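Everything below concerns the one structure shown next.
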Amino acid sequence: MTVWLKFSGWFQCRLATAPDPTDEPRGVSGYAHALPNEPDFDRIIRLQPDFAIQRSYCQPIGVKVTNIWINGIQVNDHPLLGGLVDFLDNPKFEGRNDILTDEGEEAIVPINIQIKKDCCLIQRKFDDNMNNPPSDEDDFKKFNQLKASGIHIHPGTIGETTGIFDLGLVWQDRISKLQADLQTTTNEIEEATLKARIKFLSEKATSGLASRFVARMLYSVSLTGNIAFHDPVGYLPGKPAFNLDKNKPEEWSLEFWCGGWDADALSGFIEGYLRIPLDTDSNKNLVNQDINEMIKEPSKRRL
Amino acid sequence: MIDTRQEIIYALNEAAEIEHGFMIQYIFAAMTMKKRLDEKITGGQQELIRKWESQVLSVAREEMAHLGTVCNLLSAVGGAPHFKRPNFPQKATTYYPFDFILSRFSDESLYRFIRFELPKGEPLPLEPVNLSKSKLFSLFPITPDPIEYDYLGELYNNIRFGFNTIAEDDLFIGPKSGQDFEEWSRRMKILRVTNRETANKAIDFIIEGGEGSPGNREDSHYYTFLNIRKDLNSQMQNNFDPSRPVVLNPRTREHHRDAPVTGTLIKNSDSKKVAELFNICYEISLMALSQLYSFGGESLGERDILRQSSRQLMTMVLRPIAEILTEMQVTNDPNDGNAGPPFELYGDFQLSTQESNRWIILNERLESITMEAKDLSDIDPRFTFISESISLIQNNINQTLLSEEKL
């Protein structure tokens, strides 16, 4: 038996861009800057709003399960629909100014996906032993599996998925709202922040930066690492299947794309699929200490 | 008058030192700029300072492109790459018609930068109100012999005379393969030089980048610095100070035989360790650049990895260390000010005549700075990232050498 979960939504990643050094805290030479009222950049890819720095009039951060298929049949009223999807362990785009990958091929490291709804929690790592940054041949082999396949220009797909076919129009609307806020603010830092965003949006609306919105980076990864699976009320019709010959869980596949990059919001869109082979007869216990912590505190998402 | 090959080579060596020296002085000033609101700046000033830093660093990158183009000019006429330069500070009378000083970003430093890039015929900028001549030596040009020029553009036009005077077939003895790629990186281009026409284009590229052309100076370094100075002066009320209190000409050694005028000694032990690491990383970057431009038998793949590694060392290693340094104390007394990147060369760095030795030495040195940077992570957590980046750069070099069956 196989379950396919489809997920989508806006993520945030606050990072400096080339030619700044990757760990530049506020952004100087690239297009991305931490604004006066914002903390330093941390490069973390956030799929949920906790610790995201939401700028006004930008798309709300949050990635959820949108579709579910069990053995190829879509289940429209499945209880896991709307479940929160997260990448754990502070994942980052790893390219380091072309030292590790070329631009557009940045790997996401680490990969540890979690899906959570009510008391149901599903989680799996890409690998349990990979070092980051990679230090030996085995690490580099694994790292290469996490790389994107390059930049793909897909305006139709992105337009249909995000509902935004022309980012320039969205930015024009945003400029109007920010200008209105500027008329009423009396706070010096807020004023500086609004002015910086209006200037950025006005200058970049017609530049190549807005056109990055239609670019996608594609990822396809086999997950073989540690599993955490807790489904006390049976949202799924089984437990993760095991490969009996090797006495270890079968691989899960994770494919997704990141695109729709909004350089003002420092956010982009992610859409993907997680395939989980299930075994209806399994009695293996996949609850670990982390999961017990999660059950005690249902609002906690990051381990 | 420059009308022999040797005179062209001498003059290009001087041009290389000047482009190199300008680049360092611009980077130094950029690295001293304040970044955070807790450094006594307002939100509006923070945005303005970020814009200035970006502009100054952009000019510095263009100086690197000029330096690369000068190396191509040298190679075209049979010269060797020139990355040596005397330590800071240097009085105008000693080496160049300009004072070479590492000083923090201020009206005073902008005044000097405008003077560096000043086109002949344009008026000298107004002197800074608080100009301290005792600190900055004389600020008026004194012409050294035997190459006579008061303006950088003048030096290049003297070089142009040489290129246009000597018979083309006699002068251009460098092979076409001895020219670096135009696409140095996605954001930096240099020009190839193979004949008189391309030499003239290269000289135009350098002069116009610096001072623009009559009636069109808007994209020039000169104009950029004029505008930043204008912006800065409009903000000077309320004791606005855009830069950290970084000392003048910071250095880790009291004496340098090529820089007899003393700088400010970094006495705080942590700051000194970081400054020494910076200097070694800088020297290794220069070694990689020298190897790249020596055309000493390295394959295209090896040259490519040298080019990438040099760029990555500058961006991912030198710049973060410089930023860290400008927030560290120069002595144990916080009132004495902050340290800064000294750009010191402790000796004459040399390139081995044997290609295999060049790689061995580069590897050894990268390995040593990886360890050193790791050891400094207690001082600033960014050193962990810096150490990882150096190690990965070294790994990329070794992977290239393995694929070329040279390791």
Side-chain angles (χ1 to χ4, degrees), chain A residues 16-43 92 94-104 109 131-137 139-140 143-144 182 185 187-200 203 208, chain B residues 30-31 33-37 41-58 60-61 64 185-188 305 307-309 311-324 380-397 399 402:
Chain A
T17 51
D20 277 330
T22 309
D23 65 338
E24 159 58 43
R26 301 205 59 85
V28 177
S29 300
Y31 67 79
H33 312 129
L35 294 169
N37 60 352
E38 295 176 345
D40 286 356
F41 287 158
D42 61 13
R43 300 170 57 218
K92 291 168 182 157
E94 284 288 9
R96 302 198 187 204
N97 277 21
D98 303 339
I99 296 177
L100 271 169
T101 71
D102 286 337
E103 201 170 75
V109 190
N131 295 304
N132 185 41
S135 56
D136 59 25
E137 202 176 326
D139 287 338
F140 276 103
F143 179 87
N144 287 336
L182 186 61
T185 186
N187 179 295
E188 190 277 330
I189 291 177
E190 192 187 349
E191 183 186 332
T193 299
L194 289 166
K195 280 182 177 168
R197 284 185 66 196
I198 292 166
K199 185 168 183 291
F200 175 85
E203 286 176 359
Chain B
M31 292 298 99
M33 291 193 208
K34 291 177 178 172
K35 288 202 164 173
R36 295 187 308 272
L37 293 177
I41 49 173
T42 65
Q45 288 166 344
Q46 185 186 41
E47 278 298 302
L48 203 52
I49 293 168
R50 184 187 52 69
K51 186 182 89 177
W52 294 337
E53 184 179 349
S54 165
Q55 289 173 331
V56 176
L57 285 175
S58 174
R61 264 193 302 281
M64 182 63 220
S185 72
R186 275 190 298 278
R187 293 166 186 84
M188 200 181 99
I305 198 68
R307 189 181 304 105
Q308 287 181 41
S309 302
R311 178 178 64 77
Q312 289 156 352
L313 281 167
M314 288 186 258
T315 306
M316 298 289 283
V317 178
L318 287 175
R319 187 170 142 188
I321 302 177
E323 283 174 356
I324 291 167
D380 191 303
R382 282 184 89 180
F383 279 110
T384 304
F385 196 78
I386 291 167
S387 169
E388 289 170 3
S389 297
I390 300 167
S391 176
L392 291 166
I393 290 169
Q394 185 184 7
N395 180 70
N396 287 346
I397 290 173
Q399 288 303 314
L402 270 174

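Chain identifiers are assigned alphabetically (A, B, ...) following the order of the sequence lines, protein sequences preceding nucleic acid strands; residue numbering begins at 1 within each chain. Nothing here was measured: the structure is a model prediction, and the numbers come from that model.
- Neither the backbone nor the side chain of B/Gln55 comes within contact range of chain A, judged by heavy atoms closer than 4.5 Å.
- For the set A/Pro25, A/Pro134, A/Pro133, the entry with the most heavy-atom pairs within less than 4.5 Å of chain B is A/Pro133.
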CA sep, side-chain torsions, deciding dist, call: B/Trp52, A/Val28, side-chain contact (heavy atoms from CB on, under 4.5 Å)
CA-CA 9 Å; B/Trp52 294 337; A/Val28 177; over 6 Å; no
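- For the set B/Ile41, B/Leu37, B/Thr42, the entry with the most heavy-atom pairs within less than 4.5 Å of chain A is B/Thr42.
- For B/Leu57, the part lying near chain A is the side chain, with the backbone staying farther off; criterion is any non-hydrogen pair under 4.5 Å.
- A tilted orientation is assigned to the rings of A/Phe200 and A/Tyr31, their planes being inclined by 30° to 60°.
- Among the candidates A/Asp20, A/Asp23, A/Asn97, the residue making the largest number of heavy-atom pairs closer than 4.5 Å to chain B is A/Asp23.
- Comparing B/Ser54, B/Ser58, B/Ala30 by how many heavy-atom pairs each has under 4.5 Å with chain A, the most go to B/Ser54.
- Remark: A/Asn131 pairs with A/Asp139 by the side chain to side chain donor-acceptor pair (under 3.5 Å) rule, at least two apart or across chains.
- The backbone N or O of B/Phe383 sits nowhere less than 3.5 Å from a side-chain atom of B/Ser387 that would complete a donor-acceptor pair.
- Between the B/Glu47 side chain and the A/Pro36 main chain, no donor and acceptor come within less than 3.5 Å of each other.
- Taking 4.5 Å as the limit, every side-chain heavy atom of B/Gln312 sits out of range of all side-chain heavy atoms of B/Val317.
- Of the atoms belonging to A/Asn37, not a single heavy atom falls under 4.5 Å from chain B.
- Taking A/Glu203 as the reference, A/Lys199 meet the side chain to side chain donor-acceptor pair (under 3.5 Å) condition, with sequence neighbours excluded.
- Highest contact tally toward chain B, considering only A/Ser29, A/Gly30, A/Ala34, A/Ser135, is held by A/Ser29 [criterion: heavy-atom pairs under 4.5 Å].
- B/Glu388 touches chain A through backbone and side chain together, each having a heavy atom under 4.5 Å away.
- Put simply, CG on B/Asn395 and CD on A/Glu137 are 10.5 Å apart, with the number rounded to the nearest 0.5 Å.
- Taking 4.5 Å as the heavy-atom cut-off, the residues of residues 189-197 of chain A that approach chain B are A/Ile189, A/Ala192, A/Ala196, ordered by number.
- Here A/Glu24 pairs with B/Lys35, B/Arg319 under the side chain to side chain donor-acceptor pair (under 3.5 Å) rule; sequence neighbours left out.
- Annotation: the span from A/Ile99 atom CD1 to B/Met316 atom CE amounts to 4.5 Å, rounded to 0.5 Å.
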